[in-house]
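Worksheet: the structure to be examined is printed underneath.
Below, read A as the first sequence line, B as the second, and so on, with proteins coming before strands; counting in each chain starts at 1. Just so you know, these numbers use all the heavy atoms, side chains as well, and skip hydrogens, waters and symmetry mates.
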Number of protein chains: 2
Amino acid sequence: MNQPVKRTGSTKERILGAAEALFAQRGFDGASLRQLTSAAGVNLAAVNYHFGSKEKLVEQVFRRRLDALNAQRLAALAKVAGQPGTRLEDVLDAFIRPALELSHEEEGSLFMRVLARAFAEHDDSLRKFLSENYGHVMRQFTAEFARLLPQLSKEELYWRIDLATGALTHAMSGFGMIQRKSDVSERVHREQTVQHLIRFAAAGLNAN
Amino acid sequence: MNQPVKRTGSTKERILGAAEALFAQRGFDGASLRQLTSAAGVNLAAVNYHFGSKEKLVEQVFRRRLDALNAQRLAALAKVAGQPGTRLEDVLDAFIRPALELSHEEEGSLFMRVLARAFAEHDDSLRKFLSENYGHVMRQFTAEFARLLPQLSKEELYWRIDLATGALTHAMSGFGMIQRKSDVSERVHREQTVQHLIRFAAAGLNAN
DNA sequence: GAAGGATTCAAACGATCGTTTGAGCATACG
DNA sequence: CGTATGCTCAAACGATCGTTTGAATCCTTC
């Protein structure tokens, strides 16, 4: 089922929107520039004019979402970090909720699938781009997890964070067996997802 | 870094081995039949002769590993299912260990990446194939989890199993931040992975 | 050796791909 | 109006793709 692509806005924005939708559905290789430009209602050469290459377009698709997402994550983390009453669940909430809100937004709903594909594809240049531009966010969350879980060795901590983020990526990508029920609103489904994820991840991180 | 591909064995086996390696590295679309047949040392037309099409080749790559993997899973489950002393960790072990052993075998080491890609790609025909041929295994494990976690609603149970399998897929795909240290043997690393996974998943499944 | 079936081979097909190119159009400014 | 800049367009390029084809080779059996 094809996600409808907005045909208003600047050419550049239309391309980014179509790219996001088609990359989510078909992957980076699977979505051709002809499909994408057709969906956006622009000419094929517009991609190279505005973005230089398909590869650069892929990076811009990420940049336009991750800049805002990670800013929100860091802002939420700043509210709870280092506080004496902070619980693990609060830090997890700061990490998970911005992503879930993005994931369930009308226009951002496919982005987490794009992100999941980025991880699954093991594309070295893409991972380098993500690591260089957003790795500092993960390091800040890791430091706060370490503060709240002093009983864990560094190695155990990394293991658990890795598994928790794996579960998070999986949940957000929409690939699992959980689908929103038709009698449940988008907002309620998102809240349920947040709670399930936080409960699962907090227990897993705290396991002894 | 390219995984070396065996050049002995029947043409068919060589193609399957090369396919597994290149699908893991480049994805289903990203790995062309020319790359694959070149790596296997066979002629391009051999794929269509032996498998009919690239799509059918993909299915056979899965079938040759999943038949054995799921048989092992069911055998391990049969040893613990329904027993009065069975713990959650035992069922998780039955689910996880065969996959980890496959994941760390010399020849099967890339298969879990192939499987992770299958999930990430959200390819409907592939998911249908996996669901039709191997869905019964998951249902049997779910029934045993339900027996051991009677306090959970059906919905909560599905949520947690989904998250746990997401974490498992992530760990086995080798995409996360955890790499084997050079002073740790393959066998020890595998055992560590099993233990980390079981501890994390059991705690997450049991969360209250 | 001959026959039949299985397998391999190189060439070719039609299709698709990302990128490039130069002409044409639109807008803003003097 | 002329000029400069930005943007759009269709055609073309070189490359790659999965699939097909018919000839050649290999293997087995009689």
Side-chain angles (χ1 to χ4, degrees), chain A residues 2 5-64 114 117-118 121 123-126 129, chain B residues 2 5-64 114 117-118 121 123-126 129:
Chain A
N2 286 342
V5 174
K6 279 198 173 179
R7 289 205 170 191
T8 57
S10 71
T11 299
K12 199 167 176 176
E13 282 301 314
R14 290 157 76 177
I15 293 172
L16 284 168
E20 188 174 84
L22 290 201
F23 288 156
Q25 286 165 26
R26 299 163 184 273
F28 304 113
D29 287 342
S32 73
L33 292 181
R34 285 169 174 82
Q35 290 168 339
L36 194 159
T37 48
S38 174
V42 303
N43 182 272
L44 174 62
V47 173
N48 303 89
Y49 180 79
H50 288 281
F51 299 97
S53 67
K54 183 175 181 180
E55 181 176 354
K56 288 290 187 289
L57 170 63
V58 170
E59 286 182 10
Q60 287 303 119
V61 165
F62 281 101
R63 202 182 284 278
R64 93 166 165 159
V114 177
R117 282 188 187 272
E121 298 218 356
D123 180 317
D124 285 342
S125 69
L126 191 47
F129 166 77
Chain B
N2 285 342
V5 174
K6 279 200 176 181
R7 289 207 170 191
T8 57
S10 71
T11 298
K12 200 165 174 178
E13 282 300 313
R14 290 156 77 178
I15 293 173
L16 285 167
E20 188 174 82
L22 290 201
F23 288 156
Q25 286 165 28
R26 300 163 184 271
F28 304 114
D29 286 341
S32 74
L33 292 182
R34 285 169 174 81
Q35 289 168 340
L36 195 159
T37 49
S38 174
V42 302
N43 182 272
L44 174 62
V47 173
N48 303 89
Y49 180 79
H50 287 281
F51 299 97
S53 67
K54 184 176 182 179
E55 182 176 355
K56 287 288 188 290
L57 169 63
V58 171
E59 286 182 9
Q60 287 302 117
V61 165
F62 281 101
R63 203 182 285 277
R64 92 165 166 160
V114 179
R117 283 187 188 273
E121 298 217 358
D123 180 318
D124 284 343
S125 68
L126 191 45
F129 165 76

* With a non-hydrogen cut-off below 4.0 angstrom, is B:A46 in contact with a base, only sugar-phosphate, or nothing? -> nothing
* Asked: How long is the line joining CG of A:L44 and P of C:dT20, in whole Å?
  -> 12 Å
* Asked: Given atom CD1 of B:I15 and atom P of C:dC9, what is their separation to the nearest angstrom?
  -> 10 Å
* Asked: Starting at CG of B:L22 and ending at C1' of D:dC17, how long is that distance when rounded to a whole Å?
  -> 15 Å
* Does a side-chain heavy-atom distance below 4.5 Å link A:Y49 with A:T11? -> no
* For A:L36 and C:dT19, what is the distance between atoms CG and P respectively, to the nearest whole Å? -> 12 Å
* Structure fact -> Taken to the nearest whole Å, NZ/A:K56 to P/C:dT19 is 10 Å
* Asked: Do the side-chain N or O atoms of A:N48 get closer than 4.0 angstrom to the phosphate oxygens (OP1, OP2) of C:dG18?
  -> no
* To do: Report the residue (A:G52 or A:G30) whose heavy-atom-nearest nucleotide on DNA chain C is the more 5′ of the two.
  => A:G30
* To do: Could you work out which one of D:dC17, D:dG18, D:dA10 sits closest to the side chain of A:N43?
  => D:dA10
* Asked: B:D29 CG to D:dG18 C1': how many Å, rounded?
  -> 12 Å
* Asked: Between B:S32 and D:dT16, does any side-chain N or O lie under 4.0 Å from OP1 or OP2?
  -> no
* Separation of A:Y49 atom OH from C:dG22 atom C1', in whole Å? -> 15 Å
* Structure fact -> A:R34 atom CZ is separated from C:dT16 atom C1', nearest whole Å, by 7 Å
